[in-house]
K.L.:
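Following this message is one structure expressed as structure tokens.
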2 protein chains.
Amino acid sequence: MAATGTKTELGTRERLVRTASRLMQHGGYENTPVKQLVREAQATLGSLYHFFPGGKQELAVAAIHFGDEEFAALLRAGLAARPDPAEAVEAVTGLLAEALEASDWRDGCPVTATALETVGRLPDVQAACARAFAHWQELVAAKLLASGYPEQEARDLAVTVVNTLEGAEMTSQVTQSRTPLLTAGRHLARLVASYGP
Amino acid sequence: MAATGTKTELGTRERLVRTASRLMQHGGYENTPVKQLVREAQATLGSLYHFFPGGKQELAVAAIHFGDEEFAALLRAGLAARPDPAEAVEAVTGLLAEALEASDWRDGCPVTATALETVGRLPDVQAACARAFAHWQELVAAKLLASGYPEQEARDLAVTVVNTLEGAEMTSQVTQSRTPLLTAGRHLARLVASYGP
DNA sequence: GATTGGATAGAGCGTTCGTTCTAGTCCCGT
DNA sequence: ACGGGACTAGAACGAACGCTCTATCCAATC
């Protein structure tokens, strides 16, 4: 649980964003005090309000974007691991389970906790979370479309795939077990295959 | 968004628990200050610490239990609505979508937000959340077992069904649309049917 | 070498947090 | 009538919150 990035290799702004993303991934928005944030980012309050005049909220939006890209990278890697989309989705659950356990069940979805907490409270942050979900759905849909799935079925499946991944990751985290994610992987593979072209 | 229960028809303890459950459903644990809680429950700080010497944390555990039962009731109703388990699961998503929209997208799962926020921070609350998830899985598994599904497949399916419901409800909430839930319903029905005995 | 502006630094502001504490009210058994 | 436990009531407390503010540092530029 060291600071995210070393002071010499990343700019202050980037360290703030990465640290905020990691802390919000673990505890959401309200559980991430700005003072702890700047301490772990090896920055100061002055720097935070210099780069983010909008304060904690503006930083949170940037952090959600960062988490969005981070999760998207894992998703891309898993989806590219197998040509068959059903097997690819199952591969993603394997990657997620691995990363989750390796972090001692701390690194769940970098967006979910904040999304649920800020719904109807911080519209900017909520919008960033919604964008992240849509982004991930697009990645899954693209894989299905590339495999010859019909447009509508591909888009619908992508929604459910991402939703199930989110739910299973949360349950795996709360129960500290890979099982929910791996079970979701098997079931999603079966579901995706059942729509095969 | 009136107070949960009227002062004359419910005891103070019950009003506190219901109000806490509702507020935590909307914003999680940290977004629910005790003073607002007490005000909306038409109670006072003295009453809160009389009934819950463990303070906010102890009340939160009771609130999660209440939400657990509330969600379980909806789950039972949906599952009982149809004899066929696949159709029954789809019926549940319909009920969830209806309730969510009727609340102006506020009343999502009464446990998820708190679960993600307290993981690794408040073990008592986290344990209550884990118990709720297990409880819901049991209800789904019971329906499948009663319909003749093999033991292992019924239990595995129950895990994924509940996870997908959670994920879809969250996405429906964040995007303010019934679609994710209803799509999940169709897919879950297909998945459950594909394991039919 | 002086000037300048981006970046750093953290003390301190007003507010709100969860909790404690004392005082008071209510109601029931005797 | 009265004693006593259950419950109500909210002022007050220390800690922690997000944020503002002034001061300072340090390259780049003239």
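First the proteins, then the strands, lettered A, B, ... as listed; each starts at 1. Computed over heavy atoms, backbone and side chain alike; hydrogens, waters and symmetry mates excluded.
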K.L.:
Any Lys/Arg nitrogen of A:Arg76 or A:Glu69 sitting under 4.0 Å from an Asp/Glu carboxylate oxygen of the other?
P.N.:
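Counted as a salt bridge, because a side-chain N and a carboxylate O are separated by less than 4.0 Å.
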K.L.:
Could you tell me the separation between the CG atom of A:Leu16 and the P atom of D:dC19, rounded to a whole number of Å?
P.N.:
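Rounding to the nearest Å, CG of A:Leu16 and P of D:dC19 are 14 Å apart.
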K.L.:
For A:Thr171 and B:Asn163, test the side chains for any donor-to-acceptor distance below 3.5 angstrom and give the result as yes or no.
P.N.:
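There is such a pair (donor and acceptor under 3.5 Å, judged by atom type) between the side chains of A:Thr171 and B:Asn163.
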K.L.:
B:Arg13 CZ to D:dT8 P: how many Å, rounded?
P.N.:
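Going from CZ in B:Arg13 over to P in D:dT8 covers 12 Å.
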K.L.:
How long is the line joining CG of A:Leu48 and P of D:dC21, in whole Å?
P.N.:
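Roughly 16 Å, once rounded to whole Å.
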K.L.:
Enumerate the residues from residues 52-60 of chain B whose closest heavy atom to DNA chain D is under 4.0 Å, giving them by residue number; use none for an empty result.
P.N.:
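By residue number: none to list.
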K.L.:
What's the CZ-P distance between B:Arg15 and D:dC7, to the nearest Å?
P.N.:
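Distance check: B:Arg15 CZ to D:dC7 P gives 12 Å.
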K.L.:
Regarding A:Glu90 and A:Arg186, does a basic nitrogen lie under 4.0 Å from an acidic carboxylate oxygen?
P.N.:
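So A:Glu90 does not pair with A:Arg186 through a salt bridge.
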K.L.:
Atom CD of A:Gln42 and atom C1' of C:dG10: how far apart are they, to the nearest Å?
P.N.:
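One finds 16 Å between C1' of C:dG10 and CD of A:Gln42, rounded.
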K.L.:
If you look at every strand shown and take non-hydrogen atoms under 4.0 Å, does B:Phe51 touch a base, only sugar-phosphate, or nothing?
P.N.:
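Sugar-phosphate contact only.
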K.L.:
Can you tell me if the side-chain N/O atoms of A:Ser47 get under 4.0 Å from OP1 or OP2 in C:dT8?
P.N.:
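So the side-chain polar atoms of A:Ser47 do come within 4.0 Å of the phosphate oxygens OP1 or OP2 of C:dT8, strictly under.
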K.L.:
Among side-chain atoms of A:Thr179 and A:Ser177, is any donor-acceptor pair under 3.5 angstrom?
P.N.:
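The criterion, which ignores hydrogens and geometry beyond distance, is satisfied for A:Ser177 and A:Thr179.
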K.L.:
To the nearest angstrom, how far is A:Leu45 atom CG from C:dG10 atom P?
P.N.:
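In whole Å, C:dG10 P and A:Leu45 CG are 10 Å from each other.
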K.L.:
If you draw the axis of the six-membered ring of A:Phe66, does the NZ or CZ of A:Arg22 fall within 45° of it and under 6.0 Å from the ring centre?
P.N.:
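Pair A:Arg22/A:Phe66 does not count as cation-pi.
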K.L.:
So does B:Thr44 get a side-chain nitrogen or oxygen closer than 4.0 Å to the phosphate oxygens (OP1/OP2) of D:dC7?
P.N.:
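Looking at the OP1 and OP2 atoms of D:dC7, neither is under 4.0 Å from any side-chain N or O of B:Thr44.
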K.L.:
Considering heavy-atom distances to DNA chain D, does A:Gly46 or A:Thr32 have its closest nucleotide positioned more toward the 5' end?
P.N.:
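Between the two, 5'-proximity favours A:Thr32.
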K.L.:
Measure from CZ on B:Arg39 to P on D:dA9 and round the result to the nearest Å.
P.N.:
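Computing the B:Arg39:CZ to D:dA9:P distance gives 15 Å.
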K.L.:
Please check if the number of heavy atoms outside A:Arg155 that lie under 6.0 Å from its CZ is greater than 12.
P.N.:
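Open: at most 12 neighbouring heavy atoms sit under 6.0 Å from CZ of A:Arg155.
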K.L.:
Output the rounded distance in Å from NZ (A:Lys35) to C1' (C:dA9).
P.N.:
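In whole Å, C:dA9 C1' and A:Lys35 NZ are 13 Å from each other.
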K.L.:
Return yes if a side-chain donor-acceptor contact under 3.5 Å exists between B:His26 and A:Arg121, otherwise no.
P.N.:
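No donor-acceptor contact under 3.5 Å links the two side chains.
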